[in-house]
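Heads up: numbering here begins at 1 and tracks the sequence. This structure is a prediction, so every number in the text was calculated from the model and none was measured.
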Amino acid sequence: MADAPVGEKRSAQHDRCPPSPGPSDSKRVKLQTDSVIEESTMEGGVEELGNAKEPGSSTKTPHGRPRPKRERNKDKESRKGGRRSRRQMQNEEDTNKMDEATGQEEGPKPPRYPKRQCALLIGFCGSGYSGMQIQPSHTRTIEGALFGALVKAGAVSQDNADNPVKVGLARAARTDAGVHAAGNLVSLKMIITVPGIGDLVARINEELPPEIRLWGYVRTQNSFNARLVCDSRKYTYFFPTYLMIPPKPGTGLHRVLQLPSQPHSFWEGNISDSFQDDLLRKRCWRIGQEQLQKLRGLAKSYEGTHNFHNFTVGREFKERSNHRFMKQIEVSDPVVYGDTEWISVMFHGQSFMLHQVRRRKMMSILVMTCRTETSPQIIDELYGPRNVFVPKMPSLGLLLEQPLFGSYNGRMAVINEKLQPSDAEYRPLIDFELHREKIDAFKEEYIYKNMREVEDRDGLFDAWIGAVDSYAGDDLLYLNRDGIIPLAAVIKKGERRENPFREKKVFDATSFPAADEVKKQLDEQGEAEDEDLVVDKQQLAEMEG
């Protein structure tokens, strides 16, 4: 094949691959591009040139030179401002739509005031309340009443009024339904400077019912949590000394325990079929020094660290959480009110499990052991692996004296040494004694008086000890002179017991408005909760204090 002329070859190559522009050609193309951009800008629009960015977003000028950093930052701020403006307009539109849907007129929001972490020192009579801790079921609780008063007084804003979790509400000790407290402590973030209110404590008390009192409050460290910082708690249990009289001859407990046939001096020659006659004589009975010293010696067996698995529910012997430290147990001298002699036992411990003291099991063992001449060794047996049933004494006699914060106060005392009370970093100590006069007056008016009135009118404690003495099953066979738990009294998990002890709900109550209310409830009510039921471990932890 003949070769094409050289001129023709060059022409063909030119058709297939256009020659690259020379220097003069590059200038001409660049000028054309600049012209297109200028025309597009003048027309008010921006045409895309390949992958070109929007004007103003490029880091280079139309002539290819880098744009100054100041101009680029100014463009970014302009774009951000536009986006913020669009979001603001959208939010306003959404708010207007919401107001139209709810029928509410748009108005200015209430001013926001700073919140401060505080500790509130309170006291209350628990009669008629479903315990301390606020409940989602809207039941009547101490915390529910307190939180409502804080909202009305302006110490908690309306934004946080729907949920106490928003202000970190916590309590030092959780009391059960009907249980009283001369002192308890609640921590939360609250507004302490409310416009128009000079005395915030007095204002909050105006919104509280008379059976709940705020003694005062103190600023605390921001990390303060009432339950976690609390070192220990003090509880006191009050009861008539006639509970120490041995079981009545012929009753079920007297028979199964095979107590001496020779009756106690109280019963000798005075065994009556009338419970009312027996109660009148019991109220005139007085405890002797020998029995009082026995009670005090037995109470000392609780001091120290022990495994209290038999004094609660839902716990296995091997669980480490069963070990609790009791600092001190004190038995007071007896005091007579009216015709009845009363005595009190103070329990000071780091923490208490459900039913342990707050539900009266430790107190029950003290009373039952002393009145049946059971060996003191039984206390050590109850710390062992065998599970037994321990009845609970009535809620009526239980009182939370106060939580203690020794470690926290010690740390604050060191910090405060270099500060003045007027300094912003100064944190006052938590001290219930500053309010002792008011606390004692409240205890007498709302707590002690209620205890004595219910007992004098209805004989609640006599009804409880009568229920114990009438039991003829095996659950209480550990009350013996040897101080050993027999196999017949051991509770085995999953095995049904014959004739188990049945507790009555009436003994968990502290409020009885009408006469003969105790007798009526004993006749009508069923048994209290079954202690063999499996209880959630997290729920148990929340119910401790």
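In terms of heavy atoms, Asn205 sits closest to Leu214 at OD1-N, 2.9 Å. Contact detail for Tyr478 and Pro391: the closest heavy-atom pair is OH-CD, 4.0 Å. Residue Thr141 comes nearest to Ser130 through the heavy atom pair CG2-O, 4.1 Å, listed as atom of the first residue, atom of the second, then distance. Here the shortest heavy-atom pairing between Met244 and Cys370 reads CE-CB, 3.3 Å.
The number of heavy-atom neighbours closer than 6.0 Å to CG of Asp199, taken from other residues, nucleotides and ligands shown, is above 12. Atom CD of Glu437 is surrounded by 12 or fewer heavy atoms from other residues, nucleotides or ligands within 6.0 Å. Within a 6.0 Å sphere centred on CD of Glu498, other residues, nucleotides and ligands contribute 12 heavy atoms or fewer. In the displayed structure, Arg112 atom CZ is contacted under 6.0 Å by at most 12 heavy atoms of other residues, nucleotides or ligands.
In this structure, the side chain of Ser470 engages the main chain of Ala467 through a donor-acceptor pair within 3.5 Å. The backbone N or O of Asp475 lies less than 3.5 Å from a partner atom in the side chain of Tyr471, making a donor-acceptor pair. Lys327 contributes no side-chain N or O that, together with a main-chain N or O of Gly349, makes up a donor-acceptor pair within less than 3.5 Å. Between the Asn409 side chain and the Ile430 main chain, a donor and an acceptor come within less than 3.5 Å of each other. Remark: the backbone N or O of Asp159 is paired with a side-chain donor or acceptor of Lys166 at under 3.5 angstrom. The closest donor-acceptor contact from the side chain of Arg386 to the backbone of Tyr383 lies at 3.5 Å or more, if one exists at all. Under the 3.5 Å distance criterion, the side-chain polar atoms of Gln328 are left unmatched by any main-chain donor or acceptor of Glu303. Of the possible donor and acceptor atoms, one in the side chain of Arg213 sits under 3.5 Å from a partner among the backbone N and O of Leu208. Without hydrogens or angle criteria, Gln135 side chain to Gln133 main chain gives a donor-acceptor distance under 3.5 Å. Judged purely by atom type and a 3.5 angstrom limit, Thr251 uses its side chain to pair as donor or acceptor with the backbone of Lys248.
Geometric assessment of Lys449 against the ring of Tyr337 yields a negative cation-pi assignment under the 6.0 Å and 45° thresholds.
In the model, His180 has no side-chain atom that pairs as donor or acceptor with a side-chain atom of Thr510 under 3.5 Å. Side-chain polar atoms of Glu341 and Thr241 form a donor-acceptor pair below 3.5 angstrom. With no hydrogens or angles considered, a side-chain donor-acceptor pair links Ser407 and Asp231 at under 3.5 Å. When only modelled atom types and interatomic distance are considered, Arg360 and Ser395 share a side-chain donor-acceptor pair under 3.5 Å. Using modelled atom types, one finds no donor on one side chain facing an acceptor on the other under 3.5 Å when comparing Gln221 with Tyr408.
Between Arg436 and Asp440 there is a salt bridge, with a side-chain nitrogen of the basic residue lying less than 4.0 Å from a carboxylate oxygen of the acidic one. Using a 4.0 Å cut-off between charged side-chain N and carboxylate O, Glu453 and Arg457 make no salt bridge. For Arg452 and Glu444, the salt-bridge test passes: some basic side-chain N is under 4.0 Å from an acidic carboxylate O. Using a 4.0 Å cut-off between charged side-chain N and carboxylate O, Asp469 and Arg371 make a salt bridge. Ion pairing of Glu455 with Arg283 is present here, as a side-chain N (NZ or NE/NH1/NH2) and a carboxylate O approach within less than 4.0 Å.
Using the six-membered ring where Trp is involved, Phe405 and Phe224 have ring planes that are tilted, between 30° and 60° apart. Ring geometry for Tyr302 versus Phe308: interplanar angle of 30 to 60°, hence tilted.
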For this session: Would you please test Tyr242 and Phe461 for ring-ring contact (aromatic ring centres under 6.0 Å, His included) and show each step?
Result: CA-CA 9 Å; Tyr242 68 70; Phe461 287 95; 7.6 Å; no
For this session: Report the C-alpha separation of Thr236 and Glu401 in whole Å, then their side-chain angles, then the decisive distance to 0.1 Å, and conclude whether the side chain to side chain donor-acceptor pair (under 3.5 Å) test is met.
Result: CA-CA 7 Å; Thr236 302; Glu401 290 288 353; 2.9 Å; yes
Exercise. Could you go step by step and tell me if Phe442 and Trp215 meet the ring-ring contact (aromatic ring centres under 6.0 Å, His included) rule?
Worked result: CA-CA 11 Å; Phe442 179 82; Trp215 308 128; 5.6 Å; yes
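Two rings, from Phe389 and Phe501, have their centers less than 6.0 Å apart.
Expressed to the nearest 0.5 Å, how far CD of Gln350 lies from OG1 of Thr305 amounts to 7.0 Å.
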